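Worth saying up front: this structure is predicted, and the values here are computed from it rather than measured.
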Amino acid sequence: MNPGANPMELDAINVVIVGAGAIGSALVSELLKRPQVGTLFVLHRGTAPDFADPRVHCINFDALDPATITSSASAVGQSSERIHLLINTVGMLHGPDQAPEKRLGDIDAAKLQRSMALNATLLPLLAQAFSNLLRHKEPALLASLSARVGSLEDNKLGGWYSYRASKAAHNMLLLTLAREWRVSHRNVILLALHPGTVKSRLSQPFVKAGYKNRVLSPAESATALLEVMARRTPGESGSFFDWRGEPIPW
């Protein structure tokens with residue numbers, strides 16, 4: 001493979017977006033503006049989103065059920081023999097009965113395990129399921145959304161135990177996979193990406209009046225993330241970048 005090859009440079013690509021939340025849906029919308037996108041698969045939970053484009057194929061899956069992850073990849077494989085871009089946008093910071101822990105006493109074992117399953121375990125299961133579809137002679141890229149708070153070096157404030165720990169685990173899993181795939185999947189660039197603070201259901205409880213950091217729209221984040229992906233080379237596989245393309249320390 002050309003050392004500078006990137007799937008975004010190809011004339012035609014097949015794409016899988018995992019998750020149809022704010023960022024996942026925005027990525028779909030931005031990618032559909034590009035004529036190079038052939039078939040775009042969206043793995044989603046619940047009711048299928050309507051993108052009103054014949055290139056989009058929606059596949060229902062459950063991020064907590066390994067069998068549906070495998071069956072989703074099989075469904076994709078029935079339509080396309082290869083994938084060039086796979087982006088995992090699934091993540092959880094809070095839920096109806098779960099909030100970021102401010103102190104040690106807030107930790108609950110079951111909730112910690114749920115965070116790990118959604119924010120970390122899903123990544124290698126997706127890589128397993130889509131391994132054959134990503135292994136081909138053309139360039140490919142697997143990107144998975146992480147978070148700056150998953151950086152060990154950046155942790156100056158503490159708190160948010162489950163989210164920090166699960167994103168740190170996510171990053172280690174991706175880096176380890178990148179090391180293995182340097183040999184078995186030499187065409188694949190693997191990236192951990194921080195999408196910024198995005199106006200979404202995930203960030204809504206924490207972005208209050210007077211919030212000091214920039215808040216991106218889903219479209220702004222999606223456009224920036226795609227630009228970051230487009231600039232990457234195989235030598236950068238196993239890297240962690242923010243939405244501006246700045247490296248984040250592990």
Candidates L85, I87, N88, L123 - the one meeting side chain to side chain contact (heavy atoms under 4.5 Å, CB included) with L142: L123
Kindly give the heavy-atom pair with the smallest separation between A222 and E30, and that separation in Å. CB-CG, 4.0 Å
Backbone N or O of L190 within a donor-acceptor pair of the S237 side chain at under 3.5 Å? yes
Side chain proximity check, L193 to S144, heavy atoms < 4.5 angstrom: no
Starting from the C-alpha separation in whole Å, work towards a yes-or-no answer on side chain to side chain contact (heavy atoms under 4.5 Å, CB included) for H194 and S146. CA-CA 5 Å; H194 169 56; S146 184; 5.8 Å; no
What is the distance from atom OG of S29 to atom CG of L40, rounded to the nearest 0.5 Å? 10.0 Å
Is H44 close to P49 at the side-chain level, that is, under 4.5 Å between some pair of heavy atoms? yes
Compare every heavy atom of G91 with every heavy atom of N119, then report the nearest pair and how far apart it is. OD1-CA, 3.1 Å
Any side-chain heavy-atom pair of L175 and L173 under 4.5 Å: no
Under 4.5 Å between side-chain heavy atoms, hopping through other hydrophobics if needed: is there a path connecting M172 to W181? no
Pairwise side-chain contact, L141 with H84, heavy-atom cut-off 4.5 Å (strictly under): no
Is L112 linked to L118 within one hydrophobic cluster, defined over Ile, Leu, Val, Met, Phe, Trp and Tyr using a side-chain heavy-atom separation of less than 4.5 Å? no
Would you check if the side chain of E220 reaches a backbone N or O of S217 as a donor-acceptor pair within less than 3.5 Å? yes
Interatomic spacing from CD in Q36 to CD in E9 - rounded to 0.5 Å: 9.5 Å
Quick one: are S131 and H185 in side-chain contact, heavy atoms under 4.5 Å? yes
Side-chain polar contacts of residues 63-71 - donor-acceptor pairs under 3.5 angstrom, sequence neighbours left out - could you list them?
from : atom 1 : to  : atom 2 : distance (Å)
D65  : OD1    : A67 : N      : 3.0
T68  : OG1    : D62 : N      : 2.9
T68  : OG1    : D62 : O      : 3.0
T68  : OG1    : D65 : O      : 2.9
T70  : OG1    : P66 : O      : 3.3
S71  : OG     : A67 : O      : 3.3
S71  : OG     : T68 : O      : 3.0

Is there side-chain contact between N187 and K137, with at least one heavy-atom pair below 4.5 Å? no
A quick test of your reading: do over 12 heavy atoms of other residues, nucleotides or ligands sit less than 6.0 Å from CG of D11? no
Using modelled atom types and a 3.5 Å cut-off, is there a donor and acceptor pairing between side-chain atoms of R164 and backbone atoms of N155? no
Under 4.5 Å between any side-chain heavy atoms of S162 and E101, yes or no? yes
With the side chain counted from C-beta on, respond yes when M8 and L226 share a heavy-atom pair under 4.5 Å apart, and no when they do not. yes
If you measure from CD on Q78 to CD on E81, what distance do you get to the nearest 0.5 Å? 14.0 Å
Could you tell me whether the side chains of H57 and T39 share a donor-acceptor contact shorter than 3.5 Å? no
Between K199 and L216, does a side chain to side chain contact (heavy atoms under 4.5 Å, CB included) hold up when you go through it step by step? CA-CA 6 Å; K199 187 176 181 180; L216 304 173; over 6 Å; no
Test of understanding: clusters of I, L, V, M, F, W, Y form through side-chain heavy atoms closer than 4.5 Å, transitively. Do M116 and L93 belong to the same one? no
Is R103 reaching over with its side chain to a backbone N or O of G159, donor-acceptor style, under 3.5 angstrom? no
Counting distance only, does the side-chain N/O of D106 pair as donor-acceptor with the main-chain N or O of P100 below 3.5 Å? no
About how many Å separate CG of L177 and CD of Q128, when rounded to the nearest 0.5 Å? 9.5 Å
In the single-linkage hydrophobic clustering (I, L, V, M, F, W, Y; side-chain heavy atoms under 4.5 Å), do Y163 and Y161 co-cluster? no
Check for me whether R232 meets the cation-pi criterion with F241, that is, NZ or CZ under 6.0 Å from the six-membered ring centre and within 45 degrees of the ring axis. yes
Could you see if I248 belongs to whatever hydrophobic cluster contains L191? Use Ile, Leu, Val, Met, Phe, Trp, Tyr and a side-chain cutoff under 4.5 Å. no
Where do M92 and S115 come nearest, in terms of heavy atoms and distance? CE-OG, 3.4 Å
Which residues satisfy the salt bridge (Lys or Arg N to Asp or Glu O under 4.0 Å) test with R82, sequence neighbours excluded? E138
Applying side chain to side chain contact (heavy atoms under 4.5 Å, CB included), run through N6 and T233 and close with a yes or a no. CA-CA 6 Å; N6 183 295; T233 66; over 6 Å; no
T223 side chain vs A219 backbone, donor-acceptor pair below 3.5 Å: yes
Run the salt bridge (Lys or Arg N to Asp or Glu O under 4.0 Å) test against R135 and tell me which residues pass, sequence neighbours left out. none
Looking at P195, is its backbone amide N or carbonyl O close enough to the side chain of S221 to form a donor-acceptor pair, meaning the two atoms are under 3.5 Å apart? yes
Can you tell me how far CH2 of W243 sits from CG of L145, rounded to the nearest 0.5 angstrom? 14.5 Å
Minimum-distance pair of heavy atoms, taken over all atoms of D154 and S151: N-OG, 3.1 Å
Working for side chain to side chain contact (heavy atoms under 4.5 Å, CB included), residues R148 and D242: CA-CA 8 Å; R148 189 179 298 276; D242 71 9; 3.0 Å; yes
Return the minimal non-hydrogen interatomic distance between H170 and A120, and the atom names on each side. N-CB, 3.8 Å
Starting at OG of S25, measure out to CD1 of I17 and round the result to the nearest 0.5 Å. 9.5 Å
Identify the two heavy atoms, one from L134 and one from V188, that lie closest to each other, and give their separation to 0.1 Å. O-CG2, 3.6 Å
